[in-house]
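Below: the structure, in structure tokens.
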Amino acid sequence: MKKKILMIDDDNELRILVSIYIRSAGYEMFQAVNGQDGKEKLKTLTPDLIILDMMMPVLDGIGFLRWLTQETKLNIPVLAFTSMNRNEGNVEIIGVTEIVFKPIELDKLIKQIDKILG
Amino acid sequence: MNTTFADRINSEQFITDNYWSQVVVTLQSMLGIERLIILDCELGLNHIKEIIALNCCLDDINEQFYQQNLIQDIVHFKFLKPISPLEEQLLIPLFFDDKLQGILLLSVLQLNDNFIPTIRHFTNQLGEILYYRQQFLKHKKIEIGKNSLERRLSLLENITDYSETATILYDIFGMAMQVNQSMRALAQIFGLKPQTMSALDFFVIVSKTDIDTAKQNFCDMFLKQTKIVHQIKLFGVVERYFILDIQIFPYFDKKLKSDMQQGILCQLIDVTKIKLQSTLKEQIAERLIFQFRNDMQSILSSSQLLIDPNTNEEEKHTATSILQNKINSHIKILNKVEQQLNIQMDDNPTNIITYPIDAKESILDAMENTSLEAVKCQIRLVANLPDLVSLIFASRTELYWVVGSIFALLLKDAVPETDIVIDMVEREHWVIYTFKNTGFGIPNERFQQYLANKELEIAEQFHDIRKAISIVKIWDGTLTAESQVGIGISFELCLRGFI
């Protein structure tokens, strides 16, 4: 059975592109437009991995992570996908398994996903 | 200036311990003096009086001292007991108006070449100060002598008083002699008291430099003729940035035929506008980099999909169109940024209010400023501000005022133990703020009249809101409000976003 990945990012075009590529690497892709939408999706879906943009309107990555780690019993690995600069990114984000800094080549992103999902 | 120097300075200070302690502290810390005693000898060497002493007293002066006559210049001799081979001692006569006013006896561990020329800068003024002290003791007022400090400073004082740069003139011992109008205004805003602070204390307080470093800086200023230059930030109602510039100001003494150090000139140069401009440009650069990383990710991903053999035709078509969109939108952003960066704010003051600023800073500042009042009214300020939001077109200080006016009205109407909620969202190219209270409210029809009907007599808070509405219009934004009885008041502020 294919492993499920939920990508939460407010950039529609980027979500489409990354989804196409990840899907072709053998994963099943689901999308949410912000943290709030991500929360809604998790009511009916239990993904194996969440790819999470940190800076989003409505509910940002930090807010979503706070909810995920403190208010749910879900234990889902999270790959933070961020446009922060690398120095800011050195700060450890609670609840994040791995941080990926944009821009990253998609084959490298797939390697990170493969590593997390074993 | 209409008043004389004697009127302006606090002549009583010359008889206070505080003043003389400051003199001793300055001499000790600037010149590394071990022991010193300042003597009043107006009535001759046999009638000397101690004014102040450091690590010695009148009884430590030996017999040879009283045998001196016609002291004209510095005497290099050990007059202070106990006599130590490790110490060098000097007797320095203190003259003013060609009369001996007093004597300074001091000791140092090492007498370097610089010492005597440097101490002369201090002792020249010490003679004059002793003269004023004697005058005040006799007549309870001072009369200015020939070649007085007033004459030497008058030109400089006139210049500084008319100068827009905030300035303090200190005597060489660091006591304030003149605080100009601009400095007095700043002092009031930032709660400083330069008139009653020494130059060293003023420097320590405004620059937050530790006292040891500050003393070293002052030593270097006196001995190596260096300037002290610091960037500082002061907090009043709004944050302001300054360059603090402290330097010795010289005067050419005709009698000594050399430049003498007259005192300390301290200036606070307001660089808030320059700092603001550079911050704005930094913020634009930060946003641009952020946007650039995001767009580069899409461009990189599209191009990878296009060369990937597993990508089907439909996906390739999607990737191509996304690639084109991203490149086009990025070119638009670059043009917009280039155009904005080319605006020279100095050319036209109105440009400063049409320059993009951080959308949250003014809101947070206004919240902080209102927080005390809110606590008094038992109201909580709750802000839901997203991390990522565009820069907006507004003036930072005016936006702070606008939001402050909104808070003032909401607080006045709010029911105790409720929240004022601030939300912020971004739609298209607009940043929209909402401010809501849980309050008593007023019928909306009347409320709208309060905001628009100029013939109606209204409370001050409504005047401020009317003014706020017109300010927001200048930024091409809108400020609207509604009220309902039993519900409260809500505001919607829409401002143009940048990137």
Side-chain angles (χ1 to χ4, degrees), chain A residues 7-27 29 31 33-36 51-66 79-89 91 93 99-112, chain B residues 282 285-330 359-360 383-390 423-433 497 499:
Chain A
M7 181 172 183
I8 309 176
D9 198 312
D10 61 314
D11 185 330
N12 292 333
E13 290 155 330
L14 183 63
R15 250 184 8 251
I16 294 168
L17 292 168
V18 174
S19 296
I20 293 173
Y21 204 83
I22 294 179
R23 207 174 289 130
S24 73
Y27 295 102
M29 280 302 290
Q31 298 177 27
V33 297
N34 56 46
Q36 191 57 43
I51 298 176
L52 179 69
D53 185 25
M54 297 313 291
M55 302 282 232
M56 288 178 293
V58 187
L59 180 65
D60 63 12
I62 299 286
F64 176 81
L65 278 169
R66 200 178 296 127
L79 194 150
F81 198 34
T82 178
S83 296
M84 286 191 294
N85 77 45
R86 278 164 202 273
N87 295 333
E88 283 175 66
V91 181
I93 306 169
I99 302 176
V100 171
F101 295 95
K102 293 177 190 175
I104 183 174
E105 287 166 33
L106 290 177
D107 46 358
K108 284 187 185 151
L109 178 68
I110 295 293
K111 277 182 193 155
Q112 298 268 16
Chain B
E282 271 170 31
E286 202 179 297
R287 285 300 310 232
L288 187 62
I289 290 168
F290 181 84
Q291 190 69 41
F292 195 67
R293 283 209 183 98
N294 255 344
D295 290 348
M296 280 308 291
Q297 183 64 62
S298 297
I299 291 166
L300 188 65
S301 304
S302 315
S303 54
Q304 269 187 284
L305 276 179
L306 287 174
I307 54 167
D308 191 273
N310 298 323
T311 313
N312 63 35
E313 279 311 307
E314 196 190 339
E315 288 167 343
K316 273 187 183 170
H317 180 74
T318 306
T320 310
S321 107
I322 289 176
L323 184 62
Q324 279 169 344
N325 280 346
K326 282 287 173 188
I327 290 171
N328 286 338
S329 97
H330 209 76
K360 288 186 289 185
N384 304 312
L385 309 179
D387 272 348
L388 179 68
V389 68
S390 290
D423 282 303
M424 186 182 192
V425 289
E426 201 172 347
R427 265 182 240 134
E428 298 294 314
H429 296 298
W430 291 89
V431 173
I432 299 152
Y433 307 80
I499 51 167

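When reading the values below, keep in mind they use all heavy atoms of this one structure, side chains included, and skip hydrogens, waters and symmetry mates. Here is how names work: the chains are called A, B, and so on, in the same order as the sequence lines, proteins then strands, and each is numbered from 1. What you are looking at is a predicted structure, and each value in this text was computed from that prediction instead of being measured.
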Backbone N/O of B/Glu314 and side chain of B/Thr318: donor-acceptor pair under 3.5 Å: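 Side chain of B/Thr318 to backbone of B/Glu314, a donor-acceptor pair under 3.5 Å: yes, one is there.
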A/Asp9 with A/Lys102: basic N within carboxylate O range, under 4.0 Å: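 Salt bridge: yes.
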Residues which pass side-chain contact (heavy atoms from CB on, under 4.5 Å) with B/Ala285, listed by chain and number, not counting sequence neighbours: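 Residues passing side-chain contact (heavy atoms from CB on, under 4.5 Å) with B/Ala285: none at all.
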All side chain to side chain donor-acceptor pair (under 3.5 Å) counterparts of B/Ser302, not counting sequence neighbours: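 None.
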Proximity breakdown for A/Ile16 and chain B, heavy-atom pairs closer than 4.5 Å: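 A/Ile16 touches chain B through side-chain heavy atoms alone.
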Most contacts with chain A, counted as non-hydrogen pairs under 4.5 angstrom, among B/Lys326, B/Met424, B/Met296: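 It is B/Lys326.
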Contacting moiety of B/Asn325, where chain A heavy atoms sit under 4.5 Å: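 Contact with chain A involves the side chain of B/Asn325 alone.
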